[in-house]
Amino acid sequence: MGDGSPWADAERIVLARALDGRAVATVLDRDGERGRRALSAAELPAWVAEREASPGSRGVRWIWSSTTEWYPALLEAGVRVARCHDLRLCHAILRDAVPGAAELRAAVQWNGAAAGETAGHTEALFSLDEPRGGPRRDDVREVLEELARQDAAVPRATDPGRMRLLLAAESAGALVAAELASAGVPWDAEHHRRILEDVLGPRRGGVPQNMGRLAGEVRAALGDPALALDSPPRLLKALHNAGIRVDSTSKWELREIDHPAIAPLLEYKRLSRLLSANGWAWLDEWVHDHRFRPVYVPGGVVTGRWASSGGGALQLPRQLRQALRADPGWRIVTADVAQLEPRVLAAMSRDARLADAARGRDLYEGIVASGAVATRAEGKIAMLGAMYGATTGDSGRLVPRLRSAYPRAMGLVDAAARTGADGGVVSTWLGRTSPAPDELWRDAQTRASRPGASAADETRARRIGRDRGRFTRNFIVQGTAAEWALAWLADLRLRLADFPQVESGSAAPRSGRAFSRRAHLAFFLHDEVLIHAPEEQADAAAQAMRDAAEAAGRLLFGSFPIDFPLDLRISDSAAK
DNA sequence: GGTTGACGCGCG
DNA sequence: AAAGCGCGCGTCAACC
């Protein structure tokens with residue numbers, strides 16, 4: 001790699017799979033291949049640990065087809081690595097972001113999810129067992145060729161330096177995701193059950209008691225003794241029959257209605273949601289041995305955010321956070337970033353006035369102090385509206401005030417929206433690109449621009465254009481915020497890995513071998529991180545969170561004066 | 001019978 | 001107080 005790149009001094013070791021199932025490690029240095037050896041599954045962890053620890057290979061970067069295929073077995077054996085390059089995730093970024101990366105685009109066998117990761121609905125383009133999609137992705141030659149394609153593509157990125165950061169951050173995120181799976185979220189199932197019993201009432205075979213009582217009240221108030229509350233169409237008819245004029249059964253609409261059936265109905269919906277999303281069945285499926293182990297999918301969202309597939313980690317209701325409890329002798333350290341997205345917007349647009357409003361305080365209060373809006377609530381609505389593309393309501397009405405107060409920041413998101421509406425592609429700060437327009441957009445524009453297009457065609461084309469504009473407007477902000485969060489996580493996990501091990505007497509053995517004796521990441525949610533730490537390491541873990549946030553800000557935005565204050569708490573649980 | 005899409009709602 | 005981004009998941013109903 002070129003001078004100054006994060007890879008410049010790193011020894012690179014490529015792991016692939018031989019036909020006999022053994023791992024093949026190819027050691028690369030600046031001048032090319034320096035050696036190769038085959039290792040059995042039993043030999044691999046110790047060998048990796050040795051290379052990772054040896055002073056001579058400081059900065060070794062492990063290159064593999066996919067972190068989800070290689071790292072769990074190492075963690076299982078108690079071995080962590082500091083750095084990796086996840087070819088599958090990096091392929092997806094480079095393929096779209098590098099102009100003219102024809103070789104990468106042609107290597108379609110690298111598209112799609114990791115082998116063995118496609119449970120059902122997502123059609124696997126490729127699988128290790130049936131290489132019908134082309135070369136076996138884990139094959140030694142295939143892996144080395146893909147690495148060569150990516151090495152060739154990076155210097156042709158719009159900004160190679162930023163692209164290297166993005167690839168390193170994305171790969172580090174994949175390591176974090178595997179480590180989170182290994183460590184698990186400490187979960188107090190008994191406490192969770194108490195909450196369920198309190199809210200839903202005892203289960204007596206069928207419907208929990210409190211839900212049954214509420215359902216009875218709704219049926220009585222609507223004069224419909226057989227009504228099935230869980231069927232929106234039937235519920236809607238029953239509401240109409242009772243003279244309640246609503247277009248849907250959503251709680252937003254129902255909340256406006258004055259009728260004796262509404263209060264118990266809304267309460268019923270609340271309970272029903274808790275039961276189906278995080279009730280006893282969820283506990284049985286997802287919590288074992290005091291750990292909740294959700295399935296994270298790094299890079300699963302187009303913007304670069306993580307997705308999840310299983311366990312609903314990204315939707316844990318606030319109501320249940322108090323069941324997230326530290327092991328005895330351990331603490332929960334939580335940190336979330338205050339107003340991450342507008343801060344990122346200030347930095348990427350180099351808007352010094354917005355950065356001023358953000359500095360050292362609540363950003364929305366800062367907007368009030370600048371005189372642009374009257375109250376914090378207005379500042380928040382206006383800023384969200386600016387980032388999401390609101391045009392109507394209170395939000396849409398307030399956005400113009402921000403436009404005049406913060407022309408640089410607003411100019412950047414407005415420009416992204418115009419680009420998107422016109423069918424263009426936008427990029428995050430580090431260079432992840434938005435998808436090209438879909439068929440719906442292309443078709444609408446084609447219809448509207450042909451001779452004899454109707455007014456309806458033109459209206460439709462404009463609407464679809466605006467829809468896409470709202471997406472690209474938000475893409476650059478949400479995507480750059482995701483990059484900041486990855487940088488934060490990446491820095492934090494290395495700091496925590498340097499923490500000393502605690503006495504084995506105070507270990508938390510359920511956290512997995514690599515994490516049971518020192519502070520470790522336990523949960524991540526877009527702009528929020530949770531650490532499970534031995535009591536004596538809690539303060540240091542909190543400081544590591546602050547230091548990592550500071551480092552992430554500098555890594556992305558250099559000396560631009562933006563700060564990322566954390567809301568930090570040390571407690572027995574994750575409850576606010 | 002199984003699959004698919006709309007809905008509703010939880011999270012950021 | 002509800003229209004404006006990104007998700008996952010459970011449920012129901014329409015469909016093959």
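Below, chains carry the letters A, B, ... as their sequence lines are ordered, and counting in each starts from 1. From a predicted model like this one, the values you see are computed outputs, not experimental measurements.
- Look at A:T391 and you'll find a side-chain N or O under 4.0 angstrom from OP1 or OP2 of C:dG4.
- Checking the phosphate oxygens (OP1, OP2) of C:dC9, no side-chain nitrogen or oxygen of A:R273 falls inside 4.0 Å.
- For A:R305 against C:dC7, a side-chain-to-base donor-acceptor contact under 3.5 Å is absent.
- Within the shown strands, nothing qualifies as a pairing partner of C:dG4 under the Watson-Crick or G-U definition with both distances less than 3.5 Å.
- No salt bridge links A:R88 with A:E69; every basic N to acidic carboxylate O contact stays at or beyond 4.0 Å.
- Taking atom CD of A:E483 as the reference point, atom C1' of B:dG12 lies 17 Å away to the nearest angstrom.
- Rounding to whole angstrom units, CG of residue A:L283 and P of C:dG10 are separated by 14 Å.
- Among the atoms of the strands shown, none is found under 4.0 Å from any heavy atom of A:R473.
- A sub-4.0 Å separation between OP1 or OP2 of B:dG8 and a side-chain N or O of A:T249 is present.
- When the P atom of C:dG10 is taken as reference, atom CG of A:D284 falls 14 Å away, rounded to whole Å.
- Contact of A:Q315 with C:dG8 (side chain to base): a donor-acceptor pair of N or O atoms is detected under 3.5 Å.
- Between A:L254 atom CG and C:dA1 atom P there is a gap of 18 Å when expressed in whole angstrom units.
- Between A:R466 and C:dG4 there is no side-chain polar atom (N or O) within less than 4.0 angstrom of OP1 or OP2.
- Looking at heavy-atom distances under 4.0 Å, A:G311 makes contact with sugar-phosphate atoms alone, never a base.
- Nearest to the side-chain atoms of A:E528 among the listed nucleotides C:dA13, B:dC9, B:dG12 stands B:dG12.
- Computed from coordinates, the A:Y296 OH to C:dG8 P distance equals 14 Å when rounded to whole Å.
- Looking at which nucleotide of DNA chain C each of A:M387 and A:E256 is closest to, the 5′-most match is held by A:E256.
- When distances are taken from the side chain of A:R470 to each of C:dC5, C:dC7, C:dC12, the shortest belongs to C:dC5.
- At a threshold of 4.0 angstrom between heavy atoms, the contacts of A:V477 with the nucleic acid are absent.
- One atom, CZ of A:R397, and another, C1' of C:dA3, lie 13 Å apart when rounded to the nearest Å.
- Taking atom CG of A:L239 as the reference point, atom C1' of B:dG8 lies 14 Å away to the nearest angstrom.
- A:D467 has its CG atom 7 Å from the P atom of C:dC5, to the nearest Å.
- Between A:T392 and C:dG4 there is a side-chain N or O to OP1 or OP2 distance below 4.0 Å.
- The aromatic rings of A:W484 and A:W488 are tilted relative to each other, their planes meeting at an angle between 30° and 60°.
- For A:Q478, counting side-chain heavy atoms from C-beta on, the closest listed nucleotide (C:dG4, C:dC5, B:dC9) is C:dC5.
- Contact between the side-chain N/O atoms of A:K251 and the OP1/OP2 oxygens of B:dG8 is not found at any separation under 4.0 Å.
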| query | Please walk me through it: do A:R569 and A:T334 pass side-chain hydrogen bond (donor to acceptor under 3.5 Å, both in side chains)? | reply | CA-CA 5 Å; A:R569 289 180 305 279; A:T334 64; 3.3 Å; yes
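- Projected onto DNA chain C by closest heavy-atom contact, A:A307 and A:G389 fall at different nucleotides, the more 5' of which corresponds to A:G389.
- Under a 3.5 Å cut-off, the side chain of A:S404 and the backbone N or O of A:R401 do form a donor-acceptor pair.
- The environment of NE2 in A:H191 is crowded: more than 12 heavy-atom neighbours from other residues, nucleotides or ligands sit within 6.0 Å.
- For A:D438, the CG atom is densely surrounded, since the number of other residues' heavy atoms within 6.0 Å is greater than 12.
- Ring centroids of A:W282 and A:F292 are separated by less than 6.0 Å, placing the two rings close together.
- Considering only the side chain of A:P232, B:dG8 comes nearest among B:dG8, C:dT11, B:dG10.
- The side chain of A:S231 places an N or O atom within less than 4.0 Å of a non-bridging phosphate oxygen (OP1 or OP2) of C:dA13.
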